[in-house]
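Note that the structure is predicted; figures quoted are calculated from it, not measured.
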Amino acid sequence: MKTWGLGIQKKAFIFLSVLAFCILLGSSSLKLEVIASNANIKLKPEIGGENIANVNAGTILLGEEKQGEWYKVSFEIQGKSISGFIHEMLVKVIDDETSQSDTDIPLSNEISQEEIIANIETAVESSKKLIRKEQQLDTAIASLRPLIPKVFRVSDFDKQKRLAAEIYLWIGLGYAAQKNEFLALKEMKNMFEVDHSYALEISRNIYDPNIAKIITLAEKEYLGLIKEYYLKISTRPQDAIIKLNGEEAGKTPTTIKTDSPKFTIEIEKEGYDTIKEDVFLIAETSEKEFILQKIGRTVHISSSPPGAKIFLNGEYTGMDTDSELPLMEFGIHKLRISKNNYKDWLQDLKVTKGEGPLVLEITLEPKTYISVDQWGGENSNFFTSPTGIVMGRQGNFFVVDESDLKINKISPEGIFKNDLAVNKRDLNRLKNPFGIAVNSEGYLYVTDIKKHCVMKFDSKGNFVLKWGKLGSGDNEFNTPLGIAVDRENNIYVADSGNHKIKKFTHLGVFQYSWGQEGASEGEFVYPAGIFINEKDEIFVTDQNNLQKFTNSGEFISGWGDKGTAPGEFDRPMGIYGDGDNCIYISDTYNRRIQKFDETGRFIAEWGNSGPEKERLNFPIGIAVDSKGLVYVVDRDSNRIRIFGLSSE
């Protein structure tokens, strides 16, 4: 029975009897008061559907249930029970204490269908302009919603549905502009429920990717393709408790299931801030990771020197000084700062409440070196004025001195080996050896300060070749001292009397040289010690300082001056580096060893103080093994002194 349109006031209103249904349905039913004149009751919950009755404002209906935006209501007409649907915009929920409302949406019958449609379309256009410009969005949405009841006065059901679908679309676009995706989804779904095909038509040219996703989701919900949503939740750290709308839903990592794309989750873990978040899913399946923050305070830890490992409560934090530990829990923590060559720093750290980070500045104390062994001695016959030392591929050491052997081979255990087959003729070639180096193939290179040359021997001690003589030319030397080999087996010689560093191939072919006498960068005064690290950087000592170069002789940095304080030198002759890129220097005339990091920061010194057994007389050559033991050639004591770090 259709009673829609301009002639509706000419027909008698049908008054509904609800008393019997109040008794039948009980107190759990909804009482609905009609707030619009001539409100339609539809056969189905859809705009544009068939009317089965009209009711006037103030009529009380019983709602059995709600489907989307429609209340299902039951009533009697002439003793016959009838069920239908009324739009939520046409009624309001009341209770027994609520009096009937005088509110009425004026639906005058004095205007034509054309005027009704024009008024609706004009109001829609006004709101659309505001939404396009993202201005006065609340006003625009509030202006659109009352238009829904008005479309019920349009007698053309197709036009009625199109108008309603467009209104729902723009209400949804208004909510989307406000970043309220859930309400936008609800309105878009209403749009599809009104007229699916027309909804597709009016929404197909929306190119905003986020809105397009909402529209797609709304259509899938309308078609029943999505009934449940899934969200995989992970946290760092894991094993956090997840609550879904206040109910516990497992521990992370976990996947939660919900019948609505909008819900509230809470994440709880002892010692961390609780996270509470309203979630709106834009897809049927999603993933989300949450980073949990400790309850506490940031602590900034710096050390001198920097680069020390930070241990907290017995575990390495993965951070080195200088670093900031984020949100340490309030309370007392065991803190340990550890760096090679320095004593561990241990302290209880109390993290108290307060603003800003706690700042902790630490000065690390270098570990001291003590004598752990020695080879030879003043009264032994092992050495005669030894000068140079080098460690070979198999851990054996080679030491040059002025004895008859000239080259001594010593095992890592300190046992002198006699398998070096240097015959007398070859021995006579060496007069006064000073420096020694070994290449990757086991060949030995020795400088001779009396013959002003470099000699090469194989791993058995057999003479191979010699180059150089007294002079200042490319292939000549004046008192060559230190010698070193790079990764490509090139040879570098400290040509002391000529104040140069010279580079040769492994066959003794001159390549280039750099340096001249002077105190500026790249200049030398009697260079003596030379060392090459794993990056092929060249370290050179001369009378009072150390300089670092590229393997082509370009100056990088340097440090030192004449003196006795840490970082000062007096004729340093030996230099070596370890696996931690620390540099060891035989500060010869100061009778000590100094140790630095690769930037020149002083770490430790030893040899010129303490018990007599710890002291050095005239240290020259120096080497360091993989265990950190330091081997020092103490020339005037005819021995090799071995030093190791003292215990904690």
Side-chain angles (χ1 to χ4, degrees), residues 45-48 66-70 87-89 120-151 160-231 244-245 256 258-265 276-288:
E46 57 185 32
I47 294 176
K66 191 177 182 186
Q67 299 181 15
E69 292 194 326
W70 298 83
H87 195 273
E88 66 178 359
M89 296 294 292
I120 294 173
E121 289 178 340
T122 298
V124 171
E125 285 300 321
S126 177
S127 294
K128 285 165 64 174
K129 289 179 181 179
L130 294 175
I131 292 171
R132 286 193 183 102
K133 295 179 181 179
E134 296 189 1
Q135 297 176 349
Q136 303 178 47
L137 295 173
D138 287 336
T139 300
I141 294 170
S143 298
L144 286 169
R145 188 160 294 285
L147 299 177
I148 295 296
K150 292 184 178 182
V151 301
Q160 185 183 114
K161 290 192 292 184
R162 286 170 177 254
L163 284 171
E166 189 170 2
I167 292 169
Y168 281 129
L169 171 65
W170 283 96
I171 294 175
L173 292 175
Y175 282 129
Q178 290 181 328
K179 309 302 182 186
N180 193 332
E181 292 93 344
F182 179 67
L183 290 182
L185 173 67
K186 180 181 177 182
E187 302 301 334
M188 299 299 184
K189 185 178 178 183
N190 288 336
M191 173 185 68
F192 282 108
E193 289 175 344
V194 169
D195 192 325
H196 182 213
S197 60
Y198 186 63
L200 290 175
E201 179 182 338
I202 62 177
S203 63
R204 74 161 55 98
N205 293 325
I206 294 176
Y207 299 111
D208 184 290
N210 191 54
I211 296 176
K213 288 179 180 178
I214 294 174
I215 292 172
T216 299
L217 199 63
E219 183 189 16
K220 287 183 177 181
E221 281 201 356
Y222 162 71
L223 294 172
L225 300 177
I226 297 179
K227 297 185 182 298
E228 294 174 332
Y229 292 85
Y230 299 88
L231 176 62
L244 172 63
N245 295 328
I256 60 174
T258 173
D259 57 3
S260 172
K262 183 182 180 183
F263 50 88
T264 300
I265 60 171
K276 186 174 183 179
E277 184 173 306
D278 292 327
V279 177
F280 176 75
L281 301 181
I282 205 71
E284 185 177 2
T285 59
S286 305
E287 294 185 9
K288 194 171 181 66

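Ring pair H196/Y222 is tilted by interplanar angle, where 30° to 60° counts as tilted.
Separating the CD1 atom in I141 from the OH atom in Y175 is a distance of 5.0 Å, to the nearest 0.5 Å. Rounding to the nearest 0.5 Å gives a distance of 11.0 Å between OG of S260 and NZ of K186. Summarising the geometry, atom CD1 belonging to I131 is positioned 10.5 Å from atom OG1 belonging to T139; distances are rounded to the nearest 0.5 Å. The line from CD of E284 to OG1 of T216 is 13.0 Å long, rounded to the nearest 0.5 Å. Note that the CG atom of L185 and the CD1 atom of I211 stand 12.5 Å from one another [nearest 0.5 Å]. Rounding to the nearest 0.5 Å gives a distance of 8.5 Å between CZ of F280 and CG of N180.
Within 6.0 Å of atom NZ in K213, 12 or fewer heavy atoms from other residues, nucleotides or ligands are found, so the atom counts as exposed in its surroundings.
Of all non-hydrogen atoms in A199 and M191, the two that sit nearest each other are CB-CG, 3.5 Å. Nearest heavy atom pair, residue L137 against residue L130, reads CD2-O, 4.3 Å. Among all heavy-atom pairs drawn from I171 and R145, the shortest one is CG2-NH2, 3.6 Å. Looking at every heavy atom in both residues, E181 comes nearest to I214 through CG-CD1, 3.8 Å. When all heavy atoms are compared, the tightest approach of M188 to G172 is CE-C, 3.7 Å. Heavy atoms only, all atoms of each residue included: K189 and A218 are closest at N-CB, 3.6 Å.
Applying the salt bridge (Lys or Arg N to Asp or Glu O under 4.0 Å) rule to E228 yields the partners K257; only residues at least two apart in sequence or on another chain are considered.
N190 has its side chain out of reach of F192: every pair of non-hydrogen atoms, C-beta onward, lies at least 4.5 Å apart. Considering only heavy atoms from C-beta on, I120 comes within 4.5 Å of I167 through its side chain.
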**OP:** Please test E69 against E187 for side chain to side chain contact (heavy atoms under 4.5 Å, CB included), starting from the C-alpha separation and ending with a verdict.
**Re:** CA-CA 10 Å; E69 292 194 326; E187 302 301 334; 4.3 Å; yes
**OP:** Output, in order, the C-alpha distance, side-chain angles, deciding distance and verdict of side chain to side chain contact (heavy atoms under 4.5 Å, CB included) for L281 and Y230.
**Re:** CA-CA 9 Å; L281 301 181; Y230 299 88; over 6 Å; no
Original post:
After noting the C-alpha distance and the side-chain angles of E219 and L200, does the key distance pass the side chain to side chain contact (heavy atoms under 4.5 Å, CB included) rule?
Top reply: CA-CA 9 Å; E219 183 189 16; L200 290 175; 3.5 Å; yes
**OP:** For the pair Y229 and L217, evaluate side chain to side chain contact (heavy atoms under 4.5 Å, CB included) and give the outcome as yes or no after the intermediate values.
**Re:** CA-CA 11 Å; Y229 292 85; L217 199 63; 3.6 Å; yes
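By the 4.0 Å N-to-carboxylate-O rule, E277 lies close enough to K288 to be salt-bridged with it. Between E166 and K128 there is a salt bridge, since a side-chain N of the basic residue sits under 4.0 Å from a carboxylate O of the acidic one.
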